[in-house]
Every structure is written in structure tokens, then in C-alpha cells.
Amino acid sequence: VKSPGSRPVIGSGTAGVPTFLSDPCVIKDESGYHAFFSVYYLKHKEHGKYWYSYDPARESEYDMRDGMGGIGYAHSSDRGLTWTYRRTPLLTSGPEAWQDQAVETAHVIKVGDRLLLFYCAWGEKLRYRYQIGVAEIKLSGKPLETLFLDDSIVMTKRQEPILPIQTNKPHHTNNTQEPTAILRDGEIDLYFVGLTLSKPAEAIGGENR
């Protein structure tokens with residue numbers, strides 16, 4: 001049963017909601033629902049920050065030539081009927097070369113007093129060659145919304161990918177993305193989509209499929 005049935009749970013494309021939204025991951029705890037998602041950000045001229053929402057009626061306030069993809073966050077305390085959004089990216093691309101163009105497709109799990117966020121990313125050197133990374137934050141007993149609705153709080157990314165791409169032979173780890181992590185008996189199992197390429201040392205495009 002759809003609830004609500006007449007509109008999206010989280011809308012996009014109008015003022016006050018994410019500009020462009022995809023790849024949601026939602027977890028639930030005692031304070032409500034926590035949504036992590038891929039979203040496109042535009043730089044707000046006055047604040048100098050990348051903003052989650054774009055207002056077409058106030059286009060002059062945004063730098064339309066300066067946008068980026070990142071991972072956003074929203075919280076709902078009423079079972080998804082209404083949401084409070086983090087205005088700035090929770091996770092951004094860079095600075096490492098393998099992830100300097102895009103980060104997307106979050107999947108989160110709690111491990112003790114830490115939250116781990118798995119994601120996929122690609123860099124300019126090997127365009128659209130995705131690799132899987134992980135970022136983390138120590139919760140220190142604080143609710144997730146207390147941390148993530150604070151724009152000054154960011155997660156710490158591991159500098160290297162979890163699964164480095166294979167570049168010397170065709171293999172299913174030539175391109176890895178869409179991570180799903182499961183905590184079981186104190187260990188983490190990671191599932192992902194792997195893409196075998198005929199030209200593993202090159203960027204994806206044209207005949208490299």
C-alpha cells in the first residue's frame with residue numbers, strides 16, 4: 001500500500017526539495033527514518049556553498065555553471081510523511097584522482113558507535129570507471145539527525161577504494177558499483193555490481209563495453 005499514495009515520499013525538481021534525486025538508502029532507528037541519496041547540487045552565490053535545492057524563480061542566486069553530484073541526507077520523524085533536508089552535501093567528490101568527478105549510490109550500516117557509508121565513485125582520468133569507497137563517522141551516542149543536519153559535520157572518506165579496479169585484464173572488477181553491505185557476526189559482507197571490460201586500461205565509452 002502506497003503511503004502517501006498521491007505524491008512522492010521525497011519529491012525533487014522544485015524549490016524546497018532536492019534538485020535531482022536518485023539511489024535512495026533508508027534506515028530506521030528510534031528517532032525515525034534516515035534517507036541517504038544521490039543528489040545534484042548547485043553553488044549558491046551568496047552562501048558560497050553547494051545547495052541541495054534549486055529555486056527556478058530565483059535563478060540569479062545560483063551559479064548555473066558550477067554544479068556537482070554528491071550524497072545528501074534527510075530525516076523524518078513521522079514515518080516518511082515530512083522530511084528535513086541537509087542543505088549541503090554529506091559527501092562530495094575528490095580530492096583523490098579515482099573519485100574526483102562523482103560520488104553516488106550510498107549504502108549505510110551501523111557498526112558499534114560508527115556509521116559506515118559505502119558508495120561508488122569515478123574520476124576524470126578513467127571516466128565512468130566506478131570504484132567502491134567507504135566513509136565513516138563516530139556517532140559518540142548522538143542521534144544521526146543531530147550530526148547530519150549540521151552542515152559543518154562531514155564524514156571521513158578512506159583515501160583508497162575498497163576494491164581497486166583491475167586494469168591489466170578483463171575481469172568483473174574492471175568496474176565496480178552499487179554497493180550493499182551487510183553486518184553479520186561482526187564481519188561485513190559487501191555485494192556489488194561488477195562490469196567486465198574488453199579494454200580494462202581505458203575509460204568507458206565507445207567500444208569499451
Could you tell me how the ring of [X] sits relative to the ring of [Y]: parallel (under 30°), tilted (30 to 60°) or perpendicular (over 60°)?
| X | Y | value |
| --- | --- | --- |
| Tyr130 | Trp122 | perpendicular |
| Tyr85 | Tyr52 | parallel |
| His47 | Trp51 | parallel |

Nearest heavy atoms of [X] and [Y], plus distance in Å:
| X | Y | result |
| --- | --- | --- |
| Val103 | Ala121 | CG1-CB, 3.8 Å |
| Leu190 | Leu163 | CD2-CD1, 4.3 Å |
| Gly11 | Pro18 | O-CD, 3.4 Å |
| Glu145 | Ser31 | OE1-OG, 3.0 Å |
| Arg129 | Thr167 | NH2-CG2, 4.1 Å |
| Pro200 | Pro170 | CG-N, 3.9 Å |

Between the side chain of [X] and the main-chain N/O of [Y], is any donor-acceptor distance below 3.5 Å?
| X | Y | value |
| --- | --- | --- |
| Ser53 | Thr19 | no |
| Lys45 | Ser60 | yes |
| Lys157 | Thr92 | yes |
| Asn175 | Leu195 | no |
| Asp150 | Leu147 | no |

Does a donor on one side chain and an acceptor on the other come within less than 3.5 Å for [X] and [Y]?
| X | Y | answer |
| --- | --- | --- |
| Tyr33 | Asp78 | no |
| Asp151 | Thr88 | yes |
| Glu59 | Tyr54 | yes |
| Tyr73 | His34 | yes |
| Gln177 | Thr105 | no |

If you round to the nearest 0.5 Å, how far is [atom2] of [Y] from [atom1] of [X]?
| X | Y | atom1 | atom2 | value |
| --- | --- | --- | --- | --- |
| Thr180 | Ile182 | OG1 | CD1 | 7.0 Å |
| Met155 | Ile71 | CE | CD1 | 9.0 Å |
| His44 | Asp55 | NE2 | CG | 9.0 Å |
| Ser76 | Lys28 | OG | NZ | 11.0 Å |
| Ile27 | Leu115 | CD1 | CG | 5.5 Å |
| Leu116 | Ile188 | CG | CD1 | 5.0 Å |

Arg58, CZ atom: more than 12 neighbouring heavy atoms under 6.0 Å: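 Count not over threshold, so no.
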Arg79, CZ: over 12 other non-hydrogen atoms inside 6.0 angstrom: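 No, the 6.0 Å shell around CZ holds no more than 12 heavy atoms from other groups.
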In terms of side-chain geometry, is the basic nitrogen of [X] or [Y] positioned less than 4.0 Å from the acidic oxygen of its partner?
| X | Y | answer |
| --- | --- | --- |
| Arg127 | Glu124 | yes |
| Asp63 | Lys43 | no |
| Arg184 | Asp189 | yes |

Do Val39 and Val9 share a hydrophobic cluster (ILVMFWY, side-chain heavy atoms under 4.5 Å, transitive)?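 Yes; Val9 is reachable from Val39 via cluster members.
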Audit row: Cys25, His107, side-chain contact (heavy atoms from CB on, under 4.5 Å) steps and yes/no: CA-CA 6 Å; Cys25 171; His107 189 273; 4.1 Å; yes
Tell me which donor-acceptor pairs under 3.5 Å the side chains of residues 132-144 have, and how far apart each pair is, sequence neighbours excluded?
residue, atom, partner, partner atom, Å
Glu136, OE1, Arg114, NH1, 3.3
Glu136, OE2, Arg114, NH1, 3.4

Given Leu117 and Leu91, is the side-chain contact (heavy atoms from CB on, under 4.5 Å) satisfied, shown in steps? CA-CA 9 Å; Leu117 188 154; Leu91 209 66; 3.8 Å; yes
